[in-house]
Peer 1: 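Dropping a structure here in structure tokens format, bear with me for questions.
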Amino acid sequence: MRGVAGARRAGGEEPAIAVLGVRHHGPGSARAVRAELERLRPDVVLIEGPPEADALVPLAADPEMRPPVALLAHVPGDPSKAAFWPFAVFSPEWQAIAYAVEAGVEVRFCDLPAAHTLALDADPVLRDPIGELAEAAGYDDPERWWEDLVEHRGETGTLDVVAEAMTAVREGHVADGTEALREAYMRSVLRKAVRDGHRNIAVVCGAWHLPALTELPPAARDERLLRGLPKVKVAMTWVPWTHGRLAAAGGYGAGVASPGWYDHLFASPRRPIERWLTRAAHVLREEGLPVSSAHVIEAVRLAVSLAALRGRPLAGLSEVTEAARAVLCEGDDLAVELIGRRMVVGERLGHVPDSTPMVPLQRHLREEQRRVRLKPEALSREHDLDLRKPLDLERSRLLHRLGMLGVPWGTTRQARGKGTFRESWTLEWRPEFDVALIEAAAWGTTVEGAASARARDLSASPHLNELTALVERCLLAHLPDALPRVLRAIEDRAALDSEVRHLMAALPALVRAHRYGDVRGTEGLGPIAESLLARICAGLSPALTGLDDDSAREMLALIDGVHGAVALMETDRWLPTLAGIAGRAGLPGLVEGRVVRILFDAGALPEGDDVATRMARAMSPGNPPARAASWMEGFLSGGGLLLVHDARLLATVDGWLTGLSPEAFVDVLPLLRRTFGAFAPPERRMIGDRVRSGPVAPDPETAAYDDDLAAGAVRTVLEILGKA
């Protein structure tokens, strides 16, 4: 439908109005809209979108503006209220903007203002008209129906087909709620354009709204509907977007499953199948997979043949994917997944020019990204940093500062190599980080200043473990301005906190922070850590009294945490403290077993004390089976190789298990499964082999050896040493 009845200029002259119904992010619609606008040459273009963005339209002409991008509307002071309107190069709305900017034609956005949308805070019920039409046509895949009907037809007739289809789907439908408000506002903007004297008007909107704009009801009805709407103050800007975000419904509520494929169809209208499969071959070659030109030729033939067999006008995404799977990937699903991630969805991240309105914090982050040479990318990329290098150290500090501000551009992972001077990061930029930056702008205008202010505010936490973790974060982010306040807060909180569990939870992060001091050029935290450890050692024994199973398990994790931290400290307090409580009556079996194992591994058991005797005592018939199983779980939580290499311990465990009654064995089975299930598969296999080999000698020092069996091993060792 190209004309609109009921819209007339004063004096009776009827303006020429074309309502172009499109599919959001549809390349066929985008080409058709561009061609139709060039034919119509309107003097104003009305586009579905928030009117607050009218002043931002000229930025689309900037050479640095590269879609995908999105309009972002947010409420200053409450960035949690925000909305996006995304555009790709293949979006009809973007092509309409590009045409108007190039032709010097006025552009107005005509959707309900963001000031009302964010104030209403309503989630409209979204219909899927494409899905309904596809189902009516006998298709189970809306994307495939759209390709057959629109994308493969070329520009001719595309808009007419969409208009006719949507008019049929919407017949008898009565808009209500947010939908009614939006369409009422669209009509009001159209009427205003007529009143302003425009004679040739083009409206680009979602095809679903087309029937609502072809016949205008009396203006008074829409005015009554829009009167008294709630309103908030909003700010509007452009932000980068990604193809990955286009693959999910958002903004217009119109997500597309394959934005990379649609981008290809828009950019390569001629011979799209050949070009697509050639690109797929290039992607596979980059990963070291052998793909030749002959593979590409055969894949094209297969895709075209599949389309002919299925009665499709042109091979679509399903056909080229199946052809790539069979020929280029040779049935390898991982290779097909790689093509899907790199090409079907795509990894493109848009870019907005520096002249775009930004809060100072966003602008400073851009400068920092250039300074440390870290480019925002939609593709997840790994970076290994050597903190001894100044550039890598600055990169690390920037990423940690952003984490402090709630902008997790980078996530840490296990470093490749040992040493505190190495960090490994996975970087992936997401569009919503711009909203987080706007929210964080309340803390400052620079990344370092905002992170420092945020850290100072977090130092008001009443939880000691959170404060010590904050120290570590401040050191990693190099925030010397915030560190003194955080340290004072720790001293004050530690002096008042008499709960040993809180001190134990706080110590590991503090010790890790102290360990990083040398590399990052910050002052040591040794005295505070020593003070905490002294108080832990003094209060540990009373804290182990009267623990239930859950509390004992929590205490076990705290003991392990403190033990790991003490390994980084120069102290002789911890092991004597554990030795003093190891034989104390009333300890939970889980805790006693773990303490004995720590002392055994450290060679710190009291002189004359034997771990096998302790284990035999814990598993004696006088102890309930459940306690014995808990003791063993605590003792073996350090790993199962001990049972492989110590025949006496294995004999003790084996004898205890075989001596249990059937009822007792059933009772302790869950604990046993949890204990042995935590071992690595090779450890479990070796323990099983040792048990299956028969009874083990109770004392390896007095066990008899078979000289004949050992002779072969002796000869091999002598040959290795060159003494055979």
Side-chain angles (χ1 to χ4, degrees), residues 4 7 17 19-25 44-57 70-76 78 80-87 91-94 96-97 106-127 129 166 170 173-196 201-238 249-255:
V4 179
I17 300 175
V19 182
L20 309 181
V22 301
R23 184 193 186 191
H24 302 301
H25 316 310
V44 65
V45 179
L46 309 182
I47 299 175
E48 183 179 335
E52 293 93 340
D54 287 353
L56 299 176
V57 170
L71 289 169
L72 165 63
H74 65 93
V75 178
D78 187 9
S80 61
K81 289 188 174 181
F84 295 97
W85 286 261
F87 302 92
S91 300
E93 297 85 356
W94 180 259
I97 292 173
E106 181 183 359
V107 172
R108 298 181 186 179
F109 286 103
C110 61
D111 205 347
L112 188 68
H116 297 313
T117 303
L118 296 178
L120 291 168
D121 198 21
D123 294 324
V125 178
L126 299 174
R127 293 184 60 177
M166 288 302 169
R170 185 151 171 164
H173 173 74
V174 178
D176 60 2
T178 306
E179 179 186 321
L181 295 175
R182 293 178 62 195
E183 292 176 347
Y185 195 87
M186 290 180 190
R187 290 190 291 264
S188 70
V189 174
L190 180 54
R191 294 189 188 96
K192 186 176 187 306
V194 174
R195 291 196 303 270
D196 289 345
I201 303 171
V203 182
V204 180
C205 64
W208 176 253
H209 304 295
L210 184 146
L213 302 181
T214 54
E215 296 292 339
L216 298 185
R221 184 188 306 174
D222 290 339
E223 291 171 359
R224 285 195 301 270
L225 191 61
L226 297 171
R227 188 177 299 127
L229 286 180
K231 187 176 183 179
V232 292
K233 181 181 179 181
V234 300
M236 182 75 67
T237 189
W238 289 106
Y252 297 115

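Nothing fancy with the numbering, it's 1 onward along the sequence.
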Peer 1: Drop me the distance from Cys205's SG to His24's NE2, to the nearest 0.5 angstrom.
Peer 2: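 Answer rounded to 0.5 Å: 8.0 Å.
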Peer 1: Going from CG on Leu216 to CG on Leu190, what distance comes out if it is rounded to the nearest 0.5 angstrom?
Peer 2: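 Taking CG in Leu216 and CG in Leu190, the distance rounds to 5.5 Å.
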Peer 1: Using side-chain heavy atoms (C-beta onward) and a distance below 4.5 Å, is Arg187 in contact with Leu213?
Peer 2: yes
Peer 1: Using every non-hydrogen atom in the two residues, find where Pro86 and His25 come nearest and quote the distance to one decimal.
Peer 2: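 That closest heavy-atom pairing would be O-CE1, 3.3 Å.
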Peer 1: May I ask you to test the Leu210-Met166 pair for a side-chain heavy-atom distance under 4.5 Å?
Peer 2: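 No - every pair of side-chain heavy atoms lies 4.5 Å or more apart.
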Peer 1: For Pro51 versus Pro113, what's the shortest heavy-atom pair and its separation?
Peer 2: CD-CA, 3.5 Å
Peer 1: Output the distance between atom OG1 (Thr237) and atom NE2 (His74), rounded to the nearest 0.5 Å.
Peer 2: 7.5 Å
Peer 1: Under a 4.0 Å threshold between the charged nitrogen and the carboxylate oxygen, would Asp54 count as salt-bridged to Arg108?
Peer 2: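 Salt bridge flag = no for Asp54 with Arg108.
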Peer 1: Angle class for the Trp94/Trp238 ring planes (parallel below 30°, perpendicular above 60°, tilted otherwise)?
Peer 2: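 The rings of Trp94 and Trp238 stand perpendicular, inter-plane angle above 60°.
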Peer 1: What heavy-atom pair brings Ala73 and Ala114 nearest, and what distance separates the two atoms?
Peer 2: CB-CB, 3.7 Å
Peer 1: Suppose we screen for salt bridge (charged side-chain N to carboxylate O under 4.0 Å, His left out). Which residues come up paired with Glu52, at least two apart in sequence or across chains?
Peer 2: none
Peer 1: To the nearest 0.5 Å, what is the distance between CZ on Phe84 and CG on Leu72?
Peer 2: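 Nearest 0.5 Å value for the CZ-CG distance: 5.0 Å.
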Peer 1: Checking Arg170 side chain against Ala207 main chain: does a donor-acceptor pair fall under 3.5 Å?
Peer 2: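 The answer is no, because no donor-acceptor pair under 3.5 Å joins these two groups.
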Peer 1: Could you check if a side-chain atom of Glu93 sits within less than 4.5 angstrom of a side-chain atom of Trp85, using non-hydrogen atoms only?
Peer 2: no
Peer 1: If you look at every heavy atom in Ala180 and Leu225, which pair is closest and at what distance?
Peer 2: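 Closest approach of Ala180 to Leu225, heavy atoms only: O-CD2, 3.6 Å.
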Peer 1: Once rounded to the nearest 0.5 Å, what's the spacing between atom CD1 of Ile17 and atom CD1 of Ile201?
Peer 2: 4.5 Å
Peer 1: Who are the side-chain contact (heavy atoms from CB on, under 4.5 Å) partners of Lys231, not counting sequence neighbours?
Peer 2: Ala115, His116
Peer 1: Could you walk me through whether Leu112 and Leu226 pass the side-chain contact (heavy atoms from CB on, under 4.5 Å) check?
Peer 2: CA-CA 10 Å; Leu112 188 68; Leu226 297 171; 4.3 Å; yes
Peer 1: Measuring from Thr117:OG1 to Leu181:CG, what's the distance to the nearest 0.5 Å?
Peer 2: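 Rounded to the nearest 0.5 Å, the OG1-CG separation comes out at 9.0 Å.
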Peer 1: Measure the shortest side-chain to side-chain distance between His173 and Glu179 over non-hydrogen atoms and say whether it is less than 4.5 angstrom.
Peer 2: yes
Peer 1: Please tell me if the side chains of Pro50 and Leu71 come closer than 4.5 Å, counting only heavy atoms from C-beta onward.
Peer 2: yes
Peer 1: Are the side chains of Asp111 and Met186 in contact, using a 4.5 Å heavy-atom criterion?
Peer 2: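 Counting from C-beta outward, Met186 and Asp111 do come under 4.5 Å.
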